[in-house]
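Atoms within each ligand, like the ligands themselves, are counted from 1 in listed order.
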Amino acid sequence: MSYIDENFQLVQENIKKACEKVQRSPDVQIVAVTKYVSLETTRLALAAGIQHLGESKSQDAIAKWKALGDQAVWHFIGHLQTNKVRDIIGKFTYVHSLDRYSLAAELSKRGQQIQAVTRCFVQVNISGEESKHGIKPGDAASFIREINHMPAIELVGLMTMAPYVSDAEETRWIFRSLRELRDELRQEFPQIPLTHLSMGMSNDYQVAVEEGATFIRLGSTLVGDERN
Ligand SMILES: *Cc1c(COP(=O)(O)O)cnc(C)c1O
């Protein structure tokens with residue numbers, strides 16, 4: 001047993017409570033974000049029963065994938081440079097940060113070459129902060145229309161990042177807006193599932209779950225932060 005087992009337990013209890021509070025289904029996939037921890041700690045996460053791992057820098061992502069490969073389901077959650085797609089294609093089942101046409105085209109082209117379909121979240125910049133990646137909410141429909149036909153991409157939903165604030169309640173509107181946008185897009189594109197909402201991090205995941213998150217990305221509160 002490690003501290004990660006305890007954290008994992010606590011996170012699962014908090015998710016359960018948040019779901020009960022709003023009477024929603026408890027289907028929430030936890031993605032352990034291991035970008036701030038070592039390979040050894042990442043192994044502890046797997047030993048605790050965590051199966052989904054998220055990384056945000058391609059170099060670190062590949063190093064961890066090489067060591068642990070098929071022991072986990074891999075999520076690329078950070079800004080993805082187009083020229084790094086070839087390194088992660090076929091290895092990372094999910095990309096949470098699809099935010100431009102050129103990236104979609106490259107994912108689809110490389111995916112077709114090796115017959116790998118990447119499950120993608122369209123990253124939306126709800127908060128409007130300039131420092132955040134993601135397309136504008138108003139551009140989401142036209143973006144989806146542009147990339148929808150690409151063969152090796154499966155659009156599974158929307159992703160957003162909220163700014164860090166000490167009171168997570170202040171970010172509730174961001175999660176709610178992403179859900180409402182997803183619901184609108186579903187009406188417009190009934191043939192695309194857009195089932196999932198990737199939202200919520202260590203600081204605000206309970207609020208995100210109350211607003212309908214189906215994937216939460218947890219770093220520090222689950223596996224820790226070993227930067228000094
Ligand atoms: C780092 C990161 C996380 C996890 O951050 P914590 O606050 O440590 O939970 C989640 N999502 C993205 C996109 C990240 O870059």
*Asks:* I'd like to know if the side chain of E226 and the backbone of S38 have a donor-acceptor N/O pair within less than 3.5 Å.
*Replies:*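 Between the backbone of S38 and the side chain of E226 there is a qualifying donor-acceptor contact (under 3.5 Å).
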*Asks:* Please identify each residue that fulfils side chain to side chain donor-acceptor pair (under 3.5 Å) with T221, with sequence neighbours left out.
*Replies:* none
*Asks:* Find the distance between NZ (K91) and NZ (K66) and round it off to the nearest 0.5 Å.
*Replies:*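 Reported value, rounded in 0.5 Å steps: 7.0 Å.
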*Asks:* According to side-chain contact (heavy atoms from CB on, under 4.5 Å), who are the partners of N203, at least two apart in sequence or on a separate chain?
*Replies:* Y164
*Asks:* If the test is side-chain hydrogen bond (donor to acceptor under 3.5 Å, both in side chains), which one of K35, K64, H75 qualifies with E55?
*Replies:* K64
*Asks:* D139: what forms a side chain to side chain donor-acceptor pair (under 3.5 Å) with it, not counting sequence neighbours?
*Replies:* none
*Asks:* Distances under 3.5 Å, N/O of ligand 1 against N/O of the protein: list each pair and its distance.
*Replies:*
unit_1	atom_1	unit_2	atom_2	d
ligand 1	8 (O)	S220	N	2.8
ligand 1	8 (O)	S220	OG	3.0
ligand 1	9 (O)	S202	N	3.0
ligand 1	9 (O)	S202	OG	2.5
ligand 1	9 (O)	G219	N	2.8
ligand 1	11 (N)	R217	NE	2.8
ligand 1	15 (O)	K35	NZ	2.6

